[in-house]
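Note sheet for the following structure.
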Amino acid sequence: MTDTAAQPARTVLVLNGPNLGRLGKRQPEIYGRTTYADLVGLCEGWGSDLGLAVEVRQTNHEGVMVDWLNAAADDGTPVVLNAAAWTHYSYAVYDACAQLTAPLVEVHLSDPEARPETWRHSSVVTAHAVAVVKGKGVDGYREALEVVADGATG
Ligand code: DQA
């Protein structure tokens, strides 16, 4: 008998750190005018085009982010992560990323390494990521989801 049942869409978490809920209002010359609500809709649409069930979240609370990453590790869920400022100094985020069991893609709207503040030039996430997408604005999230879709085995 041929199995014609469609595969359920693979769940992907798109996790955003501090201040990213203010997209559109926050330094638009750096981060653009797309709002966070727009970003959520765009990611969901790109995900559905790619056969992924995308869940987008944002928190300003580091412990909440660690809890989300720990749950993703336990569930084997791929993660697209913009850790925002935590990228540059949070060893709690480093340790949580180290435990992930499915692909992790790091994304940034700006290119932190091209910015003048030298503290932005290092990332605790990169060591654990299969890819880093930066400096491409909100379109970088689409590219990050494409990386997950390309690597997804179901
Ligand atoms: C950011 C870059 C970080 O340096 C900054 O702290 C952010 C946003 C980005 O998406 O460009 O909050 O991660």
Side-chain angles (χ1 to χ4, degrees), residues 10-50 52-73 75 77-152:
R10 189 170 202 202
T11 298
V12 180
L13 289 175
V14 176
L15 303 181
N16 294 284
N19 297 299
L20 291 170
R22 295 181 51 75
L23 281 183
K25 291 182 270 198
R26 174 194 184 193
Q27 294 176 286
E29 70 283 6
I30 295 173
Y31 298 112
R33 296 207 175 267
T34 303
T35 66
Y36 177 71
D38 292 337
L39 177 68
V40 172
L42 285 166
C43 287
E44 290 170 350
W46 291 326
S48 105
D49 292 347
L50 293 164
L52 302 170
V54 171
E55 189 176 329
V56 188
R57 302 180 192 162
Q58 189 274 329
T59 182
N60 292 332
H61 304 279
E62 191 177 7
V64 171
M65 178 63 81
V66 170
D67 286 346
W68 288 345
L69 290 166
N70 288 172
D75 297 343
T77 306
V79 174
V80 170
L81 177 62
N82 186 344
W86 292 326
T87 303
H88 312 301
Y89 68 88
S90 172
Y91 297 129
V93 169
Y94 176 100
D95 283 346
C97 289
Q99 298 171 59
L100 291 172
T101 49
L104 166 68
V105 181
E106 178 177 1
V107 66
H108 299 282
L109 295 150
S110 66
D111 178 354
E113 287 183 280
R115 294 176 61 180
E117 302 96 336
T118 52
W119 56 266
R120 290 189 204 277
H121 297 177
S122 63
S123 166
V124 302
V125 177
T126 302
H128 310 296
V130 298
V132 181
V133 183
K134 57 190 182 177
K136 298 186 174 177
V138 291
D139 285 345
Y141 284 73
R142 180 176 58 192
E143 199 173 310
L145 289 168
E146 285 169 358
V147 171
V148 173
D150 287 348

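Heads up: numbering here begins at 1 and tracks the sequence. First listed ligand is number 1; within each ligand, the first listed atom is number 1.
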- Using atom types as modelled and distance alone, determine if a side-chain donor or acceptor of H88 lies under 3.5 Å from a backbone N or O of S122. yes
Residue set satisfying side chain to side chain contact (heavy atoms under 4.5 Å, CB included) with P18, at least two apart, ordered chain then number -> N60, A84, W86
May I ask you to decide whether K134 forms a salt bridge with E106, counting only side-chain N to carboxylate O separations under 4.0 Å? no
R26 meets the side chain to side chain donor-acceptor pair (under 3.5 Å) criterion, sequence neighbours left out, with Y31
By salt bridge (Lys or Arg N to Asp or Glu O under 4.0 Å), D95 pairs with (sequence neighbours left out) none
Check your understanding: What orientation do Y94 and H128 show, parallel under 30°, tilted 30 to 60°, or perpendicular over 60°?
Key -> perpendicular
Within the protein, flag every N or O under 3.5 Å from an N or O of ligand 1, and note the pair and distance.
{"unit_1": "ligand 1", "atom_1": "4 (O)", "unit_2": "H88", "atom_2": "NE2", "d": "2.7"}
{"unit_1": "ligand 1", "atom_1": "4 (O)", "unit_2": "R120", "atom_2": "NH1", "d": "2.8"}
{"unit_1": "ligand 1", "atom_1": "6 (O)", "unit_2": "A85", "atom_2": "N", "d": "3.2"}
{"unit_1": "ligand 1", "atom_1": "6 (O)", "unit_2": "R120", "atom_2": "NH1", "d": "3.1"}
{"unit_1": "ligand 1", "atom_1": "10 (O)", "unit_2": "N82", "atom_2": "ND2", "d": "2.9"}
{"unit_1": "ligand 1", "atom_1": "10 (O)", "unit_2": "L109", "atom_2": "N", "d": "2.8"}
{"unit_1": "ligand 1", "atom_1": "11 (O)", "unit_2": "L109", "atom_2": "N", "d": "3.3"}
{"unit_1": "ligand 1", "atom_1": "11 (O)", "unit_2": "S110", "atom_2": "N", "d": "2.8"}
{"unit_1": "ligand 1", "atom_1": "11 (O)", "unit_2": "S110", "atom_2": "OG", "d": "2.5"}
{"unit_1": "ligand 1", "atom_1": "12 (O)", "unit_2": "R26", "atom_2": "NH1", "d": "3.1"}
{"unit_1": "ligand 1", "atom_1": "12 (O)", "unit_2": "R26", "atom_2": "NH2", "d": "2.9"}
{"unit_1": "ligand 1", "atom_1": "13 (O)", "unit_2": "N82", "atom_2": "OD1", "d": "2.8"}
{"unit_1": "ligand 1", "atom_1": "13 (O)", "unit_2": "H108", "atom_2": "ND1", "d": "2.8"}

